[in-house]
Protein chains: 2
Amino acid sequence: MNISDVAERTGLPVKTIRYYEDIDLISPGRGANGYRQFSQADLHKLAFLGRARSLGFGIEACRSLLRLYNDQTRASADVKALAQEHLAEIDQKIAELGQMRDTLSHLIAACAGNDRPDCPILADLASDS
Amino acid sequence: MNISDVAERTGLPVKTIRYYEDIDLISPGRGANGYRQFSQADLHKLAFLGRARSLGFGIEACRSLLRLYNDQTRASADVKALAQEHLAEIDQKIAELGQMRDTLSHLIAACAGNDRPDCPILADLASDS
DNA sequence: TATAGGGGTTCCAGTTACTGGAGGGTCAAG
DNA sequence: CTTGACCCTCCAGTAACTGGAACCCCTATA
């Protein structure tokens, strides 16, 4: 299968698939013309990667997950630990963003949003607190 | 004032302050020895930038905010619009992260986390759905 | 057979907002 | 006069792609 078919089937951009080969997440074969030839296994790996990425796992975490997936002797505890670590990062980010949202929405609510120059948003940013 | 004093007072790393000069967010003077000389206005600007960044505004948004701040004829509506745009991005990110967290936490809950290889997390990632 | 299109390939640069490090000048104190 | 803490510039690297240039390959049609 050629790269654009794979892109369509996995939902990953062509560029991303090449990139994943570049960083050795996959190693598709090559045809006589130099074109990448994707096997079902490659397809499967890419789909796996796509789902892992969509859960927010970083590339290195994806590599680890793929390694664990291919390791029949893995302990599910290792997978769980990886996922929990990632979950903690997500929770952290959500907390940070939630804090930003709260502050920002208060400021926005306090701003008249008219053609006058006085603005509590700027006032807050400029405050010496 | 020298750069490390400014760093201490604003809470910004020295490197970041130099970077902000590099991208023309500030333009401190220079002493005869080539050292940056920060005025109160520079300090104030940096503090402003620090607070805007901590609310998650991107650098270009910070530049706009600074421009609005220095423009006595601004309309608060412009500031508010900028802030609302940013708030929408934050809400979007929170929604994405929340979705990830939900999926991930379900998977984690379903995983035994022992030394057996069977793992619903990997099973989900490998699913052909 | 010439050519046009729609593939495919590599490689390089740019994105965001810094951060680390090398290599080297400057200043104040003892 | 040396030592240590500053300061400077410039280069490279981070995460995960993305866009683009320059070029090759395959197939179909005029």
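Numbered from 1 within each chain, the chains take letters A, B, ... in sequence-line order. The figures here come from the full heavy-atom set of this structure, side chains too, leaving out hydrogens, waters and symmetry mates.
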Visitor: Partners of R67(A) by salt bridge (Lys or Arg N to Asp or Glu O under 4.0 Å), sequence neighbours excluded?
Guide: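 Partners of R67(A) by the salt bridge (Lys or Arg N to Asp or Glu O under 4.0 Å) criterion come out as none, since no residue qualifies.
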Visitor: Keeping S76(A) on the side-chain end and G113(B) on the backbone end, is there a donor-acceptor pair under 3.5 Å?
Guide: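 Looks like yes, one N/O pair under 3.5 Å.
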Visitor: Are S4(B) and dA5(D) close enough that a side-chain N or O sits under 4.0 Å from OP1 or OP2?
Guide: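 No, no such contact exists.
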Visitor: Expressed in angstrom and rounded to an integer, what is the separation of Y35(A) atom OH from dG7(C) atom P?
Guide: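 It is 11 Å, rounded to the nearest whole Å.
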Visitor: In terms of side-chain heavy atoms of Y19(B), which of dG8(C), dG20(D), dA17(C) is nearest?
Guide: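 Of the options given, the side chain of Y19(B) lies nearest dA17(C).
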Visitor: Answer with base, sugar-phosphate or nothing: what part of the nucleic acid does I3(B) contact at a heavy-atom distance below 4.0 Å?
Guide: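 Result for I3(B) = sugar-phosphate.
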Visitor: The side chain of R53(A) is closest to which nucleotide in this list: dC18(C), dG7(C), dA16(D)?
Guide: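 Closest nucleotide to the R53(A) side chain: dA16(D).
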Visitor: Does R30(A) place a side-chain N or O at less than 4.0 Å from the phosphate oxygens OP1/OP2 of dG8(C)?
Guide: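 It does not, given that no N or O in the side chain of R30(A) lies less than 4.0 Å from OP1 or OP2 of dG8(C).
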Visitor: One thing to verify: whether E60(A) and R63(A) come together as a salt bridge, which I'm taking to mean a side-chain N less than 4.0 angstrom from a carboxylate O.
Guide: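 Judged by the 4.0 Å cut-off on N to carboxylate O distance, R63(A) and E60(A) do form a salt bridge.
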Visitor: Would you mind reading off the distance between K15(A) atom NZ and dA13(C) atom P, rounded to a whole angstrom?
Guide: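 To the nearest whole Å, that distance equals 14 Å.
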Visitor: Enter the distance from L87(A):CG to K80(A):NZ here, rounded to the nearest 0.5 Å.
Guide: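 The distance works out to 11.0 Å.
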Visitor: Where the side chain of I59(A) is defined as all heavy atoms beyond and including C-beta, which of dA16(D), dG20(D), dT26(C) is the nearest nucleotide?
Guide: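 So the side chain of I59(A) is nearest to dA16(D).
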Visitor: Reckon Y20(B) has a side-chain N or O less than 4.0 Å from the OP1 or OP2 of dC18(C)?
Guide: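 True: Y20(B) side-chain N/O within range (under 4.0 Å) of dC18(C) OP1/OP2.
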Visitor: Return yes when atom NE2 of H106(A) has more than 12 non-hydrogen atoms of other residues, nucleotides or ligands closer than 6.0 Å, and no otherwise.
Guide: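 No, NE2 of H106(A) has 12 or fewer neighbouring heavy atoms, counting only those of other groups under 6.0 Å.
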Visitor: Base, sugar-phosphate or nothing for R18(B)? Non-hydrogen atoms, less than 4.0 Å.
Guide: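 Base contact.
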Visitor: Find the distance I23(A):CD1 to dT18(D):P and express it as a whole number of Å.
Guide: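 After rounding, the gap between these two atoms is 12 Å.
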Visitor: Rounded to whole Å, please give me the gap between CD in E8(A) and C1' in dG8(C).
Guide: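 Those two atoms, CD and C1', are 16 Å apart.
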Visitor: For the pair made of CG in D5(A) and P in dG6(C), what is the distance, rounded to whole Å?
Guide: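 It works out to 16 Å between those atoms.
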Visitor: Can you measure Q37(B) atom CD to dC27(C) atom P for me and round it to whole angstrom units?
Guide: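 Result: 11 Å.
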Visitor: Find which nucleotide of DNA chain C each of N2(A) and N33(B) is nearest to by heavy atoms, and output the residue with the more 5' nucleotide.
Guide: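 Its nearest nucleotide lies further toward 5', so the answer is N2(A).
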Visitor: Can any side-chain N or O of T16(B) pair as donor or acceptor with the backbone N or O of L12(B) at less than 3.5 Å?
Guide: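 Checked: no pair found.
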Visitor: Round to a whole Å and report the spacing from NZ of K93(A) to C1' of dA15(D).
Guide: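 Those two atoms, NZ and C1', are 10 Å apart.
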Visitor: Would you classify F57(B) as touching base, sugar-phosphate or nothing, given that sugar-phosphate means primed atoms plus P, OP1 and OP2, and contacts are heavy atoms under 4.0 Å?
Guide: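 Touches nothing.
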Visitor: Compare side-chain N and O positions of R36(B) against OP1 and OP2 of dT9(D) and report whether any pair is under 4.0 Å apart.
Guide: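 The answer is yes; a side-chain N or O of R36(B) sits under 4.0 Å from OP1 or OP2.
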Visitor: Tell me whether K93(B) is salt-bridged to E96(B), with the criterion being a basic N under 4.0 Å from an acidic carboxylate O.
Guide: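 Salt bridge: no.
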Visitor: When the C1' atoms of the five terminal pairs at each end define the local axes, what inter-axis angle does the helix from dT1(C)-dA30(D) to dG30(C)-dC1(D) show, to 10 degrees?
Guide: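 Taking the rotation axis at each end, their angle is 40°.
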Visitor: Using OP1 and OP2 only, check whether a side-chain N or O of T16(A) sits under 4.0 Å from dT18(D).
Guide: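 Answer yes for this pair, as a side-chain N or O of T16(A) is under 4.0 Å from OP1 or OP2.
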Visitor: For the side chain of R101(A) and the backbone of I90(B), is there at least one donor-acceptor N/O pair under 3.5 Å apart?
Guide: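 Checked: no pair found.
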